[in-house]
Amino acid sequence: MKKMMIFMMVLVCGLLGVATSVGAVNAPHQSEVVETIATLDTVSAATADTTEVQKRLKKWGYYKGNVDGINGPKTKAAVKAFQKRYGLTQDGIVGPLTAAKMGLSVKNTTSSSNYNSNDRYLLAKVIYAEARGESYTGQVAIGAVVLNRVEDSRFPNTVAGVIYQPWAFTAVNDGQINLEPNQTAYQAADDALNGWDPTYGCVYYYNPATATSKWIWTTKKVTQIGKHVFAV
């Protein structure tokens, strides 16, 4: 009995310690908290409407929760199950491809009519140069970051200006920007131009295994896709 009481006390203390570490937004834990918020936040304007997604997934038996319009863990798990069933990338994001399979359309915040064929070409080039080894979602994410910068007053207001801003992209510095993009890079550029943003509005990204800039570590992490961390 005495051993049981000691065990229970240790267990309670352990749980209190876990609760404290989760609730405290100290510097070592801030990135994890931000990433959790990004996951639990409502679906971004570059994806399909969450309420409609939940309704359809519930009807088809993938989703068991309430239709509340919140893109939480249960919704994301249901989306992944749907994507697995139809051979799609299992990222839990209802982008253009998954939405099309569901019979839904996506909400666009970026109008492709604002850009021309040269913008598309440059976007495909930087996607191919920076992320050709990443997943398709990871490639779209690079394009989204470029377009997010175009819309951000802190950066140049054209695709060319953003891409060729001094020291902005490694691929420009080392010459990989001169490689010709493949069809996948063009498709990723099109999805980014049509409003798909897997980064939730990020304007920075980096590979934590190779990043040498001390400044980049001061940015706020939002999510990670493949080897790239995306931040604001």
Side-chain angles (χ1 to χ4, degrees), residues 18 22-23 31-112 123 127 131 133-148 151 183-203 205 220-232:
V18 171
V22 171
S31 63
E32 287 87 346
V33 173
V34 172
E35 188 166 14
T36 300
I37 291 172
T39 302
L40 297 178
D41 197 6
T42 55
V43 73
S44 75
T47 57
D49 180 77
T50 306
T51 300
E52 289 302 316
V53 169
Q54 289 174 334
K55 285 179 180 178
R56 299 196 181 204
L57 291 179
K58 193 176 184 73
K59 179 181 179 181
W60 297 329
Y62 294 98
Y63 179 64
K64 307 297 182 183
N66 296 324
V67 178
D68 53 15
I70 298 175
N71 188 28
K74 289 183 180 179
T75 303
K76 193 166 186 177
V79 171
K80 286 183 177 180
F82 177 87
Q83 290 170 327
K84 182 178 181 179
R85 167 67 177 79
Y86 289 97
L88 300 167
T89 301
Q90 297 170 47
D91 56 10
I93 299 171
V94 186
L97 295 178
T98 300
K101 184 63 69 173
M102 289 183 177
L104 296 170
S105 60
V106 295
K107 299 178 293 182
N108 296 325
T109 55
T110 302
S111 173
S112 58
L123 200 60
I127 288 171
E134 294 293 309
S135 68
Y136 183 71
T137 301
Q139 293 183 51
V140 176
I142 299 303
V145 166
V146 173
L147 297 179
N148 289 340
E151 300 298 323
Q183 189 57 42
T184 301
Y186 275 111
Q187 185 177 344
D190 288 339
D191 275 338
L193 286 167
N194 285 326
W196 184 14
D197 183 2
T199 76
Y200 303 95
C202 288
V203 291
Y205 67 89
K220 185 180 293 185
K221 175 182 175 182
V222 173
T223 190
Q224 180 164 354
I225 305 173
K227 294 180 180 179
H228 288 137
V229 169
F230 293 86
V232 292

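Note that the coordinates shown come from a computational prediction; the quantities given were computed from them, not determined experimentally. Numbering starts at 1 and runs along the sequence shown.
With hydrogens and angles disregarded, a donor-acceptor distance shorter than 3.5 Å links the side chain of D91 to the backbone of I93. Not a single donor-acceptor pair under 3.5 Å links the side chain of Q83 to the backbone N or O of T98. A donor-acceptor pair under 3.5 Å links the side-chain atoms of N148 to the main chain of C202, judged by distance alone. Side-chain atoms of Y136 come within 3.5 Å of backbone atoms of Q187 as a donor-acceptor pair (strictly under, hydrogens ignored). Side-chain atoms of Q139 never come within 3.5 Å of backbone atoms of A141 as a donor-acceptor pair (strictly under, hydrogens ignored).
Distance check, rounded to the nearest 0.5 Å: CG of L57 to CD of E52 gives 11.0 Å. Here the CZ atom belonging to R56 is positioned 13.5 Å from the NZ atom belonging to K101, to the nearest 0.5 angstrom.
For the pair E134/K227, a side-chain contact is recorded, criterion being any heavy-atom separation below 4.5 Å from C-beta on. Side chains of V222 and T199 form no contact here, defined as non-hydrogen atoms less than 4.5 Å apart.
Between Y62 and W60, the angle of the ring planes goes over 60°, which puts this pair in the perpendicular group of the 30/60° scheme.
Considering all non-hydrogen atoms of both residues, A144 and D197 come closest at CB-OD1, 3.3 Å. Of all the heavy atoms in S135 and I225, the pair that sits closest is OG-CG2, 4.1 Å. Smallest separation of non-hydrogen atoms from K221 and V229: CG-CG1, 3.6 Å. Here the closest non-hydrogen pair linking P198 and T223 is O-CG2, 4.1 Å. In plain terms, the two heavy atoms of A131 and I142 that are nearest each other are CB-CG1, 3.6 Å. Considering all non-hydrogen atoms of both residues, G201 and V232 come closest at O-CG1, 4.0 Å.
The side chain to side chain contact (heavy atoms under 4.5 Å, CB included) check on K58 picks up Y63, V67, with sequence neighbours excluded. Listed by chain and residue number, Y205 satisfy the ring-ring contact (aromatic ring centres under 6.0 Å, His included) test with F230 (two or more places apart in sequence, or in another chain).
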